[in-house]
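Take a look at the structure set out below.
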Amino acid sequence: MKTQVAIIGSGPAGMLLSELLSRHGIESLVLERQSRAHVASRIRAGVLEATTVEVLRENGLAERMDREGHPHDGMRIVWAGRDTFFIDTQRFLGKRFMTYGQTQVQEDLYAAADRRGQTIFDESSEVVLHGLESNAPHVSFVRGGEGHRVDCEFVVGCDGFHGVARRSIPASVLREFEKVYPFGWLGVMARVKPLPDVTYANHPRGFALASARSEKLSRFYIQVPLDHKVEDWPDERFWPEFKARFPKDLAEQIDEAPTIEKSVAPLRSYVAEPMRHGRLFLAGDAAHIVPPTGAKGLNLAVSDVFYLSRALGAFYKTGSETLIDGYSAMALRRVWSSVRTSWYLTNLLHRFPTASEFDQRAQEYELDYLKSSQHAQAALAEQYAGLPFEPA
Ligand code: RFL
Ligand code: PHB
């Protein structure tokens with residue numbers, strides 16, 4: 001088989017890339033390890049930055065999002081069960097963000113791919129990248145018990161943190177930056193009315209977050225110790241613990257219902273540099289992971305893909321390599337900005353088991369400062385709303 005761009009992974013990064021490339025008249029083929037049903041059922045992120053919303057709208061991918069998603073003017077922080085304040089992205093930046101599930105984004109991307117007849121080979125195993133330092137790379141894989149080969153001009157690794165693409169970059173070239181946090185998040189979905197705002201809580205019992213998927217569907221999270229499993233958190237234990245981390249007036253607004261999904265995820269920050277090696281590019285979680293506290297993971301996948309599709313579009317249109325040569329540095333500027341914000345919010349809002357009394361006091365005074373300073377709120381609002389894309 002032959003294509004211009006071989007894309008590894010059909011998560012949001014890979015599917016959006018295939019869409020944007022097709023709009024530049026560039027042909028691609030997507031290889032996915034899992035079944036389509038499996039990819040489409042994963043419950044993950046839910047906050048779409050203004051830039052992400054724009055990319056989806058400009059590429060005809062926003063019809064359902066605009067119908068079912070919920071726009072927000074900002075997010076709320078509550079602290080120690082008493083003080084609450086609003087980080088107003090609309091007032092400071094004129095920007096709103098949207099709560100709309102990654103599951104729905106993924107469905108919308110698959111539907112768009114079907115409409116244009118995109119080739120996606122799901123359930124492909126043993127994906128191996130070859131000849132990345134040449135101008136004629138190829139990818140080998142096994143599907144339906146048979147070996148296959150795709151010849152291409154570029155390979156893009158959109159295969160997430162555990163994928164093969166990043167591991168194809170020689171260790172002598174790759175630099176890795178990592179931070180592992182000493183707790184995880186238990187996430188649940190429940191058919192109850194969400195709080196009016198995406199609300200982050202720092203409480204002596206630990207962090208909690210109330211978010212939304214639709215008018216009748218809520219997504220809730222609590223900080224849990226790293227060794228806790230879903231089985232440790234039956235609903236009878238989850239609901240009182242979750243509500244105890246919010247002030248009384250907010251807790252009273254949250255109805256209880258049987259949860260329909262539960263998962264535990266550890267928190268980590270990770271960045272791989274550079275995001276290009278020869279004819280291989282990395283995009284999304286294949287290159288970087290952020291703790292979910294800033295809601296940046298999915299949004300970074302979108303900004304990487306936006307920059308990369310623009311760069312490949314320019315290359316195929318004019319032969320200029322300027323943008324593809326600049327891709328890694330440009331993408332990494334936005335990545336590090338979000339990595340820093342996610343790290344800041346993680347430190348600000350969680351209870352660290354290892355924190356000294358000094359650390360605890362410093363965190364309290366940081367929250368106090370953020371609550372009282374319009375300048376501090378404006379700075380956080382700018383980061384939370386998402387930075388604008390750099391011009392080409
Ligand atoms: P994805 O979504 O992980 O997709 C990668 C795809 O590549 C496939 N793959 C392979 N295919 C072929 N060959 C191989 N060898 C392959 N290895 C892997 C995988 O099956 C998969 O389909 O990465 P992408 O597209 O870069 O998208 C990134 C986002 O999914 C991610 O940043 C966010 O979901 C992160 N994230 C969250 N972000 C938030 O902003 N808020 C959240 O609440 C939130 N929760 C989460 C998350 C990520 C999680 N993961 C990855 C464990 C919760 C979880 C559990
Ligand atoms: C979500 O809706 O799943 C969500 C919202 C905000 C975050 C993380 C996850 O920071």
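Just so it is clear, the values below take in all heavy atoms, side chains as well, and ignore hydrogens, waters and symmetry mates. Both counts, for ligands and for their atoms, begin at 1 and track the order of listing.
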Residues forming a side chain to side chain contact (heavy atoms under 4.5 Å, CB included) with S269, sequence neighbours excluded: K179, Y181, P291
Starting from [atom], locate the nearest protein heavy atom and write down its residue, its atom name and how far away it is, to 0.1 Å.
| atom | value |
| --- | --- |
| atom 36 (N) of ligand 1 | R44 CB, 4.4 Å |
| atom 12 (C) of ligand 1 | R33 N, 3.3 Å |
| atom 32 (O) of ligand 1 | D285 OD1, 2.6 Å |
| atom 24 (P) of ligand 1 | A13 CB, 3.9 Å |

Numbered atoms and elements of ligand 2 in range of G46, under 4.0 angstrom, heavy atoms: 1 (C), 2 (O), 3 (O)
Per-residue contact class, S211 against ligand 2 - non-hydrogen pairs under 4.0 Å: side chain
R44 contact mode with ligand 2 (heavy-atom cut-off under 4.0 Å): backbone
Heavy-atom contact under 4.0 Å between [X] and ligand 1?
| X | result |
| --- | --- |
| F141 | no |
| M15 | no |
| S263 | no |

Is the shortest N/O to N/O distance between [X] and ligand 1 below 3.5 Å?
| X | result |
| --- | --- |
| Q102 | yes |
| Q34 | no |
| S124 | no |
| P12 | yes |

Option among K95, E49, M75 that satisfies the side chain to side chain contact (heavy atoms under 4.5 Å, CB included) test with Y384: M75
Close approach of K296 to ligand 2, heavy atoms, under 4.0 angstrom: no
Any T99 heavy atom less than 4.0 Å from ligand 2: no
Geometric cation-pi criterion, R36 with Y110: 6.0 Å, 45°: yes
Nitrogen or oxygen of P292 less than 3.5 angstrom from that of ligand 2: yes
